[in-house]
Amino acid sequence: MFNIVPQPNEIIITGGKRGFQLNEDTTMTKVDYIGEFRDFVKRQFDIRIHRDSEATENTIVLQLTDEIEDDEAYRLVSRDGCVYIYGRRENGIFYGLQTLKQLLMQGNGEIPDMYIEDKPLYKYRGFMLDSGRYFWTVKEIKRFIDLLALHKINVFHWHLTEDQGWRVEIKKYPLLTEKGSRRSHTNFGLKPESGFYTQKDIREVVEYCHKRFIRVVPEFDIPGHTVAAIACYPHLSCFGRHLKVATHWGVKHDILCAGKEETYRFVFDVIDELCEMFPDKLIHLGGDEAVKMRWKLCPDCQKLMQKEGLASEEQLQHYFMSRVNQYVKQKGFTSIMWNYDGVENTDRLDKDIIWQMCGANRKNGIVEKELASGRKMYNSSAIPYYLDFPYGWTNLKKVYEFEPEMGENMFGVEAPLWTEYVPTMKKAEYCTFPRLGAVAEIAWSAKEDRSYDRFEAGLPEYFDLLNAYHVHYATMKQAMPSFLRGKCQALWFDRRVLHWQGLHNLVDDALVEAAQKKAVKQP
Ligand code: ACM
Ligand code: ZN
């Protein structure tokens, strides 16, 4: 029996006379996305598969056919000493090749006559990497992309702008990367950090993803999480504050001023360049953790609220997100945002903005109301999908057994890796694997086939696969920590509370308030 991650819908061993045997004579249909598969076979079996479109024996035949209905589905048949992979589109064939890698590994190059029929459960299967808190090189990103493709993930959400670092070159605003991509140090890690992606780098990564049938969604997080941008262009903030690129984690109180036209000009200019770099027609606008301290005191924000008849700063955010969304739509793109904390009333928030449902706010029934009203969402519940959370909070079984709510308007799942406490790729891999295997299975495999016991029983083969890619995954003992160990990890992770709503925010709030009082007294 084979243990494939994610588990295919149907595997039938037909047990005919002759199976497929990988050897020096094996050939393969010539198509341009088989390079990585051939490299894998070379590494694992020291065999160089010949490319030959005409061969009919000992061949891996890749074939497009209308007989397959789903764009991402495939059928894999091992018969008469050949392996046939059929897909309606190349996406499906590519997924068939990912399955074939696992079959070859587990059969040691030999595959019995068999038949696999497979298709994904959800059309959106995402992973997010935070490049803001720590910078990852293009080479590191590409390696991660290979691992995502192996798991049949089809969306790479790239978090590119943060308080602690602006990572994407915007030609119209060169300071964003000259200055905004550098911070002097980080709390609990006293080293400076810097780095950014040129537009050429971005295009290279996008192309790399597309060859692996992965769409790329850039995140330009606004109006909050913008301290790095404000550090470069102070006029974008309320009160034109002069700040440094943030050196501490946690929610910042200085955000883009929603009352000034210059802010919208800046945002639209950045979106113009992002849309050129990211052709997949989706753009994530953040919208999370935008505290309203400054907006409440800012004359520009208050004036706009009055002019537009906005009853609260929350409504001002809805006005802001909707206005940006209108711009995004004009460009033929669709906007995504986090469903941030404290949403009470969404009358003014455009219904066609997709929500990345991170579960921050599930008490007031707003998510259900929004779904019923037609808003589209995908499921990114912080527990279990935030992969930076310690295994002591979110162990492997918890990820697997979480039942994501799904429906007509809830069209997929995404696992984000925030990186405040992930300074190295080694740690990134430790956090992500094997949990991503569970996420992939939830996103891909048929509901009725899911079983944690079966998944766990197949982990040795899954770890073999990860070993083939030299992944620094968490071992079973680490991914399923004991109660005591888990509690210790959770407590250690909770040190972030110390600075999340930190003392410096309180001091800053008091300073802004005092200055504002003085300004009102002496106009
Ligand atoms: C978030 O967790 N900041 C969306
Ligand atoms: Zn303002």
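Just follow the structure's listing: the first ligand is 1, and inside any ligand the first atom is 1.
In terms of polar-atom proximity, defined here as any N/O pair under 3.5 Å, D288 does make such a contact with ligand 1.
Put simply, the side chain of T419 gets close to the backbone of D130: a donor and an acceptor are under 3.5 Å apart. Remark: the backbone N or O of C238 is not paired with any side-chain donor or acceptor of K260 at under 3.5 angstrom.
Other residues, nucleotides and ligands contribute over 12 non-hydrogen atoms within 6.0 Å of the NZ atom of K142.
Exactly one residue among F333, W338, F220 makes a ring-ring contact (aromatic ring centres under 6.0 Å, His included) with H284. That residue is W338.
The SG atom of C298 and the SG atom of C301 subtend an angle of 110° at the Zn ion (ligand 2), given to the nearest 10 degrees. At the Zn ion (ligand 2), the angle from SG in C257 to SG in C238 is 110° when rounded to 10°.
Listed by number with element, the atoms of ligand 1 under 4.0 angstrom from any heavy atom of E289 are 3 (N).
In this model, no donor atom of one side chain and acceptor atom of the other lie less than 3.5 Å apart for K329 and S335.
Nearest protein heavy-atom contact of atom 2 (O) of ligand 1 is Y386 OH, 2.7 Å.
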